[in-house]
There are 2 protein chains.
Amino acid sequence: MTVTQVAKSRPGSVRSCEDGTARPLPDGRDQYTISEVVACTGLSAHTLRWYERIGLMPHIDRSHTGQRRFTNKDLDWLAFVGKLRLTGMPVADMVRYAELVRLGDHTRADRRELLEGTRVDVLRRIAELQDTLAVLDYKIDMYAERA
Amino acid sequence: MTVTQVAKSRPGSVRSCEDGTARPLPDGRDQYTISEVVACTGLSAHTLRWYERIGLMPHIDRSHTGQRRFTNKDLDWLAFVGKLRLTGMPVADMVRYAELVRLGDHTRADRRELLEGTRVDVLRRIAELQDTLAVLDYKIDMYAERA
DNA sequence: TGGTTGCTTGGAGTGTGCTCTAAGGTTCTA
DNA sequence: TAGAACCTTAGAGCACACTCCAAGCAACCA
């Protein structure tokens, strides 16, 4: 399945923002405006503010004029949230996970349990999709045969 | 990838309704009430009627009193739609596909193209999910290590 | 000094995919 | 023959995840 071979290499991190749509940010900095984060994550500014409002992000630092200043830690979190979003996990569940993180170290077991549940969902989704792929291949074959 | 090994075995068909949630229907029949279809597909009656209204299903036969009588062909179609739904394909696109089917044989190339596009989407989704799985495994490992 | 750009806020609006309601007709069981 | 269970319709309502709006402040350039 070529999945666990990744082992300990810290996947999907190391400040290249997200994937694909992302422009890399200047290294060695730890303060980004909302528009920089928009450029690098592909999320809209509206969405980023909304994430903060609903508690899916920790409270973001502000400049002396009240503007958001995102840190590298915030970007890491956004990258992880992006992954969870791909699994189809409802935003409410992600908020729950975020809350557990805020509550501190004694919630580690709960967090692990939550992620393991998500993991099972992901495996099921992959199986479903591979099943669907078989159906699609069958149909496409039918259309290809007597074109 | 163990996908094309299915080859020509007609996957996901042969009147066992859908998967999992489904009770099999009595064989050798070709007329089912909406509640029978509900029991076997797991879709709600509302959803089935809505599918017909928006053109995602062909017009369903009626009894002399106006009640729907689904055929085996309808059930096959619903099973296929169920697969497409799993891919995240928007309902509007499925309706488009249904229209092509209604329009007859000369739309076969279009239909094939549509399904091939969907196939690419599915492959991408699977890759994304496997990527996400790696991230989840990494995190779960972290929580497991120093419990 | 004025104009443009970029940011702030709370709250309203949007698109998708159902899901339910109301009002009424049909079929089955006792 | 009554009552329950099941079906019909058009249209309204809902949950989710954004997405946009209005009004206003702040920073910068000509």
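A quick note: this is a predicted structure, and the numbers were derived from the prediction, not measured. Throughout, a chain's letter reflects where its sequence line sits, starting with A, and its residues are numbered from 1.
Within residues 47-56 of chain B, the residues having any heavy atom closer than 4.0 Å to DNA chain D are, in order of number, B/R49, B/R53. Less than 4.0 Å separates DNA chain C from at least one heavy atom of each of the following residues of residues 58-68 of chain B: B/H64, B/T65.
B/R125 contributes a side-chain N or O that, together with a main-chain N or O of A/L86, makes up a donor-acceptor pair within less than 3.5 Å. Not one N or O on the side chain of B/D137 forms a donor-acceptor pair closer than 3.5 Å with the backbone of B/A134.
Every residue two or more places apart in sequence or in another chain was checked for a salt bridge (charged side-chain N to carboxylate O under 4.0 Å, His left out) with B/D61, and none qualifies. A search for side-chain hydrogen bond (donor to acceptor under 3.5 Å, both in side chains) contacts involving B/R111 returns A/Y143, B/T107, not counting sequence neighbours.
Rounded to whole Å, the distance from CD1 on B/I34 to P on D/dT9 is 8 Å.
Between B/L114 and B/M89, some side-chain heavy-atom pair lies under the 4.5 Å cut-off.
Using a cut-off of 4.0 Å between Lys/Arg side-chain N and Asp/Glu carboxylate O, B/R119 and B/E116 are scored as not salt-bridged. For the pair A/R124 and A/D121, the salt-bridge criterion is met [side-chain N within less than 4.0 Å of a carboxylate O]. Salt-bridge formation is not detected for the pair A/K73/A/D30: no Lys NZ or Arg NE/NH1/NH2 atom is positioned less than 4.0 Å from an Asp or Glu carboxylate oxygen.
Each of A/S35 and B/H46 was assigned the nucleotide of DNA chain C with the nearest heavy atom; the assignment lying further toward the 5' end belongs to A/S35.
If you check every strand for non-hydrogen atoms under 4.0 Å, A/T33 touches sugar and phosphate atoms only.
Along DNA chain C, the stretch of nucleotides lying under 4.0 Å from any heavy atom of chain B spans, 5' to 3', C/dG17 to C/dT27.
Among residues at least two apart or in separate chains, side-chain hydrogen bond (donor to acceptor under 3.5 Å, both in side chains) pairs with a member in residues 49-58 of chain B are B/E52-B/H59, B/E52-B/R62, B/E52-B/R68.
For the 3.5 Å distance criterion, the side chains of B/N72 and B/Y32 qualify, holding a donor opposite an acceptor.
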